[in-house]
Amino acid sequence: MRQILDSLANNGFAVADYAVFIVYILILVGCGVFIPKWMAKKKGANGAENSKDYFLAGNSLTWWAVGASLIAANISAEQFIGMSGSAYASGIAIAAYELMAAATLLVVAKFLLPVMIKKNIFTIPQFLSDRYNWGVGLAFSSFWLFLYVFINLTSVAWLGALAIKQILGLPTIIGMFGMDMTLVGIILILYLIAGAYSIYGGLASVAWTDVMQVTFLVGGGLITAYFTLDFIAPLLGADGAVSALGAVMDKLGTIEGDKHFNLVVDRNSALYPNITDDPYFTLPGLALIIGALWLTNIGYWGFNQYIIQKGLAAKSLDEAKKGLLFAAFLKILIPFIVCIPGVCAFLIWQHPDLLSGSIDLHGTIERSDDAYPFLIRNFTPVVVKGLSFAALTAAVISSLASMFNSTSTIFTMDVYKKFINKEASERKLVSVGRITSIVALLLALVAVYPIMGGADQAFQIIQEYSGFVYPGVVVIFGLGLLWKRSSGPAAVVAAIGTFFFSILFKFIMPETPFLLRMGYVFMVLVVLFIGISIFCNKKNEVAAAEMDGQTVEMQRTWSNILLGVGAICLILGIVQLIAKIEFLQIYGFEAIFFLAAMLLTLGFYLRSNANDSVQDHKAVGTDLELFHTDKVFNIGALAVIAILAVLYIALW
């Protein structure tokens, strides 16, 4: 204990910084406990004892609460530490994950979420049970419960604890079984804070406190970036933080082969003879725009329970759509919050002469993930340091709270109510949900060290694992929602195939970037899924529901457009394979085959929906009115697209 107290007194933090952080924690837990009580009193109830209130916040979320909660659930130590570390090592191209997520949110808001809300879905596995069969739903329920408890809860807490330990300069204290008891203690505190309000109040507590948390998260992140640039400005002869950004770009531009300010990375075989050492290997050029990054984003934002649950809890479909639009705007800010600081840390650490003794540094950067904690400790002033630390902690806690709630939702609604106690009362379901969250907390606490203790690159492990899952998830859910002939047997094959082919392609194409491999897996799964649904599902087919002429004609028109553009992309890809144009090759132009496959698949399903006389007996009906968006959404969506276009043109 003495060691910890000494570290806290000599880590660059002042009493005011600790005070800011403590006040934040007290307000967070207080709001998390008070809000559900206030909402229950407003409704005339004595607690959130209704399952819809507990798991979907009583469908009370406004657009700004939906958007804020989506971002708070998404942004965690993975982004602050992992993405900032990637920007330190490779540059801002990693921001494509965030920028393309903004575009993906528009797609989810317009085409996917409306169908889910129409079906009154509580959970993603519930949709699978309704659309395919109970076996597929149970399999995915089990998969997500395992994923949330043993991968997500452990990795988010582990990365968060590592960051907090480094920012505070805490010592390593070895305890039983060789564990770092400092890390274990931090993880326990994070779990208890997140659980304190999420277990009590359910999604209402999580979502409404997320509004506060995203303010700390975005505000604290921007403040950290601003003060880092402001500190660097005079060292580079710049006047203020804004001009310092241009000076940083110019300084790094003098380094041969440096790509820190390029959103699209090309293959540099002269500088990196071994492709696995090249930033291109993890960020393969055009694949970040037209390639399989779309699979990661659609799978995560469209079909991930602890994310999409916020949209399902909106007051109305229009509020849900606007909430996702708001989240898209917030997403565009994230690169400035986490990537720019990482690049600044690279400049400072690679050019120590810039500092020339002007500051006493606390800590070091031994690996790229140390970049963000290093900046907070050294380049943010008193009080701001506390705000920045609160922002990082807010990111971790909000993600953990969302995961606890989603874990309890899936187990309670998809396992307990469906298979254990079909007649359970509303009060009983809420009680089971709370117990499930407590059990998840305990299991994650026991599992976190054995699972994550030996991981050197936790962020990369998460990305690689996701790359195995998302091709199958997008095929199963996407076609299940939109294509009337999608079948249960095809879903089972795709679920197994996504792991089988991902592992197979990893072994036979070890030097192919995983974002390109994901695209190849998707192509195989689409062919299998469509083939099985058409040729091996005769006994489950019924006469297709009638559609009005306008719906049929619109689907045929868009089918022609998509099939035509998809065919052009396919031809361009084949021409490039033959011609091997070097300029296109070094930018990963083969990603165009994924784009072609995606467009051809969309064109095919629209034509099939319009023309086929049969459909699967559990098909989701086609209602084009669901995809209608109002003027506010359309203008906002165009603004998001315009901003993305400007960023890519300016930073190509």
Side-chain angles (χ1 to χ4, degrees), residues 103-119 121 127 130-131 290 294 298 302 316-318 320-322 324-325 474-487 490 522-523 526-527 529-535 537-538 540-572 594-638 641:
T104 304
L105 280 162
L106 303 180
V107 174
V108 174
K110 187 168 180 68
F111 297 110
L112 302 180
L113 186 61
V115 182
M116 298 183 201
I117 290 179
K118 176 194 174 186
K119 290 185 68 66
I121 289 173
F127 164 74
D130 294 345
R131 178 61 183 86
I290 62 172
W294 280 95
I298 292 173
S316 67
L317 178 55
D318 281 343
K321 290 178 179 179
K322 290 172 185 173
L324 268 64
L325 175 64
V474 172
V475 169
I476 293 167
F477 284 92
L479 288 177
L481 276 172
L482 301 172
W483 186 36
K484 68 184 182 183
R485 297 190 67 175
S486 298
S487 68
F522 171 79
M523 295 176 207
V526 163
V527 172
F529 190 94
I530 291 175
I532 292 170
S533 293
I534 290 176
F535 299 110
N537 193 44
K538 301 297 183 184
N540 292 320
E541 289 183 337
V542 297
E546 288 189 22
M547 292 181 285
D548 62 83
Q550 183 182 2
T551 299
V552 171
E553 191 57 38
M554 186 172 292
Q555 290 187 101
R556 286 174 178 165
T557 300
W558 278 104
S559 172
N560 291 336
I561 294 171
L562 292 169
L563 289 173
V565 177
I568 292 171
C569 291
L570 181 60
I571 292 168
L572 289 174
F594 167 79
L595 179 61
M598 182 70 84
L599 293 172
L600 291 172
T601 301
L602 293 172
F604 167 81
Y605 104 74
L606 285 170
R607 183 164 293 276
S608 174
N609 280 359
N611 293 344
D612 289 358
S613 59
V614 295
Q615 65 181 42
D616 185 77
H617 68 298
K618 290 190 172 183
V620 177
T622 302
D623 182 3
L624 296 184
E625 188 59 32
L626 285 175
F627 307 138
H628 173 76
T629 47
D630 60 22
K631 185 182 293 186
V632 172
F633 181 92
N634 294 336
I635 293 173
L638 287 173
I641 294 168

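For reference, positions follow the sequence shown, starting with 1.
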Peer 1: Answer yes or no: does atom NZ of Lys538 have more than 12 heavy-atom neighbours from other residues, nucleotides or ligands under 6.0 Å?
Peer 2: yes
Peer 1: Closest approach of Ala597 and Met523, non-hydrogen atoms and distance?
Peer 2: CB-CG, 3.7 Å
Peer 1: Can you check side chain to side chain contact (heavy atoms under 4.5 Å, CB included) on Leu325 and Leu105, steps first, answer last?
Peer 2: CA-CA 7 Å; Leu325 175 64; Leu105 280 162; over 6 Å; no
Peer 1: For Ser486 and Leu479, indicate whether the former's side chain and the latter's backbone hold a donor-acceptor pair under 3.5 Å.
Peer 2: yes
Peer 1: Provide the closest heavy-atom pair for Leu624 versus Met554 in the form atom of the first, atom of the second, distance.
Peer 2: CD1-SD, 3.6 Å
Peer 1: Determine whether Phe627 and Val115 make a side-chain contact, defined as any pair of heavy atoms from C-beta on separated by less than 4.5 Å.
Peer 2: yes
Peer 1: Side chains of Asn537 and Ser533: is there a donor and an acceptor less than 3.5 Å apart?
Peer 2: no
Peer 1: Quick one: CG on Leu599 to CG on Leu595, what's the gap to the nearest 0.5 Å?
Peer 2: 4.5 Å
Peer 1: Would you call Lys322 and Asp630 a salt bridge, taking side-chain N to carboxylate O under 4.0 Å as the test?
Peer 2: yes
Peer 1: Might you point out which heavy atoms bring Gly302 and Met116 nearest each other, and give the distance in Å?
Peer 2: O-CE, 3.1 Å
Peer 1: Counting only N and O atoms by type, is there a donor-acceptor contact under 3.5 Å from the side chain of Lys321 to the main-chain atoms of His628?
Peer 2: yes
Peer 1: What is the minimum heavy-atom distance between Leu112 and Ile298, and which atoms define it?
Peer 2: CD1-CG2, 4.2 Å
Peer 1: Can you name the nearest heavy-atom pair linking Tyr605 to Leu482, along with the distance?
Peer 2: CE1-O, 3.3 Å
Peer 1: Check whether any side-chain N or O of His617 sits under 3.5 Å from a backbone N or O of Asn540 as a donor-acceptor pair, and report yes or no.
Peer 2: yes
Peer 1: Out of Arg485, Lys484, Arg131, which residue meets the salt bridge (charged side-chain N to carboxylate O under 4.0 Å, His left out) rule with Asp616?
Peer 2: Arg131
Peer 1: Take Leu600 and Leu563 through the side chain to side chain contact (heavy atoms under 4.5 Å, CB included) test and state the conclusion after the steps.
Peer 2: CA-CA 5 Å; Leu600 291 172; Leu563 289 173; 4.0 Å; yes
Peer 1: Could you give the distance from CD1 (Ile121) to CG (Leu113), rounded to the nearest 0.5 Å?
Peer 2: 9.5 Å
Peer 1: Atom OG1 in Thr629, atom CG in Leu317: separation rounded to 0.5 Å?
Peer 2: 10.0 Å
Peer 1: Hey, what do you get for OG1 (Thr104) to CG (Leu324), rounding to the nearest 0.5 Å?
Peer 2: 10.5 Å
Peer 1: Taking all non-hydrogen atoms of both residues into account, name the closest pair between Asn609 and Gln555 and its distance.
Peer 2: CB-OE1, 3.3 Å
Peer 1: Measuring from Met598:CE to Leu562:CG, what's the distance to the nearest 0.5 Å?
Peer 2: 11.5 Å
Peer 1: Do Trp294 and Val474 have side chains that get closer than 4.5 Å, going by heavy atoms?
Peer 2: no
Peer 1: Heavy atoms, side chains only, cut-off 4.5 Å: are Phe604 and Val526 in contact?
Peer 2: no
Peer 1: Working to the nearest 0.5 angstrom, can you tell me the gap between Trp483 CH2 and Thr601 OG1?
Peer 2: 10.0 Å
